[in-house]
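Contents: one structure, followed by commentary.
Values below: every heavy atom of this structure, side chains too, minus hydrogens, waters and symmetry copies. Indexing begins at 1, ligand by ligand and atom by atom, following the structure's order. If you read the sequence from its start, that first residue is 1, and numbering goes on from there.
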Amino acid sequence: MRTDIFRFFLAGDVFGAAGMRCATTLLPEFIQTARIDAVVMNAENATFGIGLSPEDAEKLFLAGVDVVTGGNHTFEKRDFWPVLESREQILRPANFPEGTPGRGFGIFEKNGFRFGVINLLGREDMYPMDCPFRRADAVLESWKAEAAPFPAIVDFHAESNREKEAMGLYLDGRAAAVVGTHTHVQTADERIFAGGTAYMTDLGMTGADDSVIGVDPENAVKRNLSQVLYKLEPRDGPGSLRGLVVDYDPVSGRAVRVERIALREKQ
Ligand SMILES: [Fe+2]
Ligand SMILES: [Fe+2]
């Protein structure tokens, strides 16, 4: 395994057709120009804004994504369930109850680097999942049995900022990066904690810019004016690829540099 700097890109929720277009057109060039070794992308909203189809998953892999993570919408497309079982590079949150299809974590290799990814779902203002903190502990503990240490990357798909910061600091020194997804609004709080863990509360969305977290504003605004639940449709239009680049030093076992990314489509 290589011992020089491992540079990985963590990308936020791909939303609808605009998100798929941003991912598949902007990502390949970004991987080249920024010299990215590995890409982890949350794609729970890729297909029409809800879930992920097997076809869209393959398009993301072709564009250079190495690991796809999920969230609260992962199980909404029934034809996707077998893919969760068969495709090791596709994760769903690890803190679903025992017996849930698919897997919530995995160990991967790319460009001579070995890395682990854990996908977790938050509970505050969300669902009564198994404890994501204890689940993270259990996975990290099980990885100690591996022959050599490797960086752990955590996608914490959660609503609450305080739960995300708590997770980041809980895992400081044990994970290479803890990043949040789900809110679709990129936060400007990227940093490296004292123990060497890269952190950002939300990677932001990969999708249409003039949208209400990915959906067309017309009905989203009408909902607010009327309190009637008008149907929400994904917004198409110019968008951005958003996320965080992390440089990780395998020798010290610490993240050494973070860079927030918001790459806009050319118009
Ligand atoms: Fe999302
Ligand atoms: Fe979500």
Side-chain angles (χ1 to χ4, degrees), residues 9-24 27 39-53 56-57 59-60 65 67-77 80-81 84 90-96 100-102 104-105 117-130 132 135 153-165 167 178-187 200-217 219-220 223 229 231-237 239-244 261-262:
F9 177 48
L10 309 175
D13 306 35
V14 183
F15 198 99
M20 282 301 296
R21 191 183 62 242
C22 291
T24 53
L27 186 62
V39 177
V40 179
M41 181 174 257
N42 187 296
E44 64 136 16
N45 304 112
T47 306
F48 308 119
I50 296 177
L52 177 65
S53 69
D56 281 346
K59 284 181 197 162
L60 293 177
V65 175
V67 181
V68 164
T69 52
N72 49 310
H73 292 299
T74 286
F75 290 102
E76 291 191 33
K77 297 222 179 330
F80 190 61
W81 292 21
L84 283 168
I90 299 176
L91 304 178
R92 47 86 175 154
N95 52 328
F96 274 100
T100 303
F105 56 91
V117 180
I118 309 172
N119 190 189
L120 295 164
L121 195 57
R123 296 187 294 187
E124 286 188 12
D125 301 324
M126 289 190 99
Y127 309 100
M129 306 293 294
D130 289 351
R135 195 74 191 106
I153 297 166
V154 177
D155 171 6
F156 190 27
H157 194 82
E159 183 72 44
S160 156
N161 293 341
R162 62 187 173 205
E163 193 182 15
K164 292 187 204 183
E165 285 197 326
M167 180 65 82
V178 176
V179 290
T181 54
H182 176 70
T183 70
H184 296 195
V185 179
Q186 188 175 60
T187 56
M200 184 160 149
T201 297
D202 207 290
L203 295 176
M205 179 186 69
T206 295
D209 288 328
D210 292 353
S211 70
V212 177
I213 65 166
V215 305
D216 194 279
N219 281 358
R223 276 189 175 204
L229 295 180
K231 191 173 178 347
L232 299 176
E233 304 278 357
R235 164 80 158 178
D236 203 359
S240 300
L241 170 69
R242 293 191 180 82
L244 183 74
I261 302 297

Can you measure from [atom1] ([X]) to [atom2] ([Y]) and round to the nearest 0.5 angstrom?
X: Asn45; Y: Met205; atom1: CG; atom2: CE; result: 9.0 Å
X: Lys164; Y: Thr187; atom1: NZ; atom2: OG1; result: 7.0 Å
X: Glu76; Y: Phe48; atom1: CD; atom2: CZ; result: 14.0 Å

Would you tabulate the side-chain donor-acceptor contacts of residues 123-130 under 3.5 Å, counting partners in other chains and residues two or more places apart, or write 'none'?
| residue | atom | partner | partner atom | Å |
| --- | --- | --- | --- | --- |
| Glu124 | OE1 | Ser160 | OG | 2.6 |
| Glu124 | OE1 | Arg162 | NE | 2.8 |

Checklist line | Residues which pass ring pair (Phe, Tyr, Trp, His ring centres under 6.0 Å) with Phe9, listed by chain and number, not counting sequence neighbours | finding: Phe30
Next item on the list: Please list, in chain and residue-number order, the protein N/O/S atoms closer than 2.8 Å to the Fe ion (ligand 1).
Entry: Asp13 OD2, Glu44 OE2, Asn45 OD1, His184 NE2
Margin query: Enumerate the salt bridge (Lys or Arg N to Asp or Glu O under 4.0 Å) contacts for residues 204-216, please, sequence neighbours excluded, ordered by first and then second residue.
Written below: Asp209-Arg242, Asp209-Arg264, Asp216-Arg235
